Amino acid sequence: MLQQTQVATVVPYFERFLAAFPTLQALAAADEQDVLRLWEGLGYYRRARDLHRAARQLVLEHNGDLPDDPDVWRGLSGVGRYMVGAILSQAFDRRLPIVEANSLRVLCRFFGQTGDPRRGPGQRWLWETAEDILPRTRVGEFNQAVMELGALVCTPAKPRCGKCPLASMCVARKQGLQETIPVPPTKPKVIEVREVAVVIRHGERVLLVQRPGTGRWARMWEFPHGALRAKEAPDDAALRLARELTSLGVEVTDEMETVRHGVTHHRITMICLGARKRNGAFRSGFYVDSRWLTPAELGPYPISAPQRLLARRLVEGSVQRNLF
DNA sequence: AATCCGGGGAG
DNA sequence: CTCCCAGGATT
């Protein structure tokens, strides 16, 4: 949960999650949809699937134990070098380093590393340095101390050098570079992509959404709960689609709103078609009752006749051709 | 090596 | 708005 997510944000999710799945066995026995539901709002939903799969793997292949073995952990999907170090240094006092956003900042500043530590030689330097400075015992505590220093004192902006126990030995501070180290990561360039989605909601109302560009749409494919936002007005392609939907006997509105599925409140009877051109490939599917279904899976699923007709039209591509 | 994933917090 | 967050998989 803590990957790329601030601690304060995670806490309530963590507590809910452990209340629902108090043990490794409970998590392993859970349905994936239930795991995802508790993750809803946190983002990076692959983490939830990986965690769930890892729990099952540990129960099946390791008797439900947490092995004192880096190779076993590294073999789990979703577990990288950071997590191996974090888990084993804290659970078994293994002398393994961790590098994340906080320790990265602390190390780069302390040793005056002016290169980009996120790649190339800087990456190697970072992990080697993190390992070099490890104590022989209480490794987990040390790792956490470095992170805590980065989170509370050696902050990204306006570091509190006056409060830092390492200030007298800090190279960046000595050179007045504490604000410019580490160098910011290079910004990714934005690629224009046309994307269209249709959501049919309970009560025969249709929400029409078209979002050009931003790329923020991808989350719909990963896990749609509460993820779809629409602020732009529909364009010509979207309006053509609206006319086609109308011809199918469905009420259409161009009302733009934020879709909050609110799975806990009311049962959702809707279909969502997402269409996306990505790397030349075309993917589509349906979102029904909080589940993501492929066209094949939609077949036996109980939906209304108008919805099924619309779904078939969409799959057959008469709508898709109007969009791209 | 570059890209993608998903929100929210803070300035 | 921008930058950042107890990273990791994929291409």
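Quantities reported herein were computed from a predicted structural model and do not represent experimental measurements. Every chain is numbered from 1, with letters handed out A, B, ... down the list of sequences.
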Share the residues that join A:L177 in a hydrophobic cluster, the rule being Ile, Leu, Val, Met, Phe, Trp or Tyr side chains under 4.5 Å apart at the heavy-atom level. A:I181
Taking only heavy atoms on the protein side, list every residue of residues 139-154 of chain A lying under 4.0 Å from any atom of DNA chain C, sorted numerically. A:Q144, A:M147
Just to be sure I understand the geometry, which residues of residues 66-89 of chain A put a non-hydrogen atom under 4.0 Å away from DNA chain B? none
Tell me which residues in residues 92-119 of chain A lie within less than 4.0 Å of DNA chain B, going by non-hydrogen atoms. A:R119
Among all residues two or more places apart in sequence or in another chain, which pass the side chain to side chain donor-acceptor pair (under 3.5 Å) test with [X]?
X	answer
A:R109	none
A:R94	A:D68
A:D69	none
A:E141	A:R138

Which pairs of donor and acceptor atoms, one on a side chain in residues 3-10 of chain A, lie under 3.5 Å apart (sequence neighbours left out)?
from, atom 1, to, atom 2, distance (Å)
A:T5, OG1, A:Q3, O, 3.0
A:T5, OG1, A:R47, NH1, 3.1

For residues 74-81 of chain A, dump all side-chain donor-acceptor pairs below 3.5 Å to protein atoms at least two apart in sequence or in another chain.
from, atom 1, to, atom 2, distance (Å)
A:R74, NH1, A:V79, O, 3.0
A:S77, OG, A:D50, OD1, 3.2

Under 3.5 Å between N/O atoms: give me all the protein pairs with nucleotides 9-11 of chain B, atom names plus distance.
from, atom 1, to, atom 2, distance (Å)
B:dG9, O4', A:Q6, OE1, 3.4

Check residues 150-172 of chain A and write down every donor-acceptor pair under 3.5 Å in which the side-chain atom is one partner and the other belongs to a residue at least two apart or another chain.
from, atom 1, to, atom 2, distance (Å)
A:T155, OG1, A:A157, O, 3.0
A:T155, OG1, A:K158, O, 3.4
A:R160, NH1, A:L152, O, 3.4

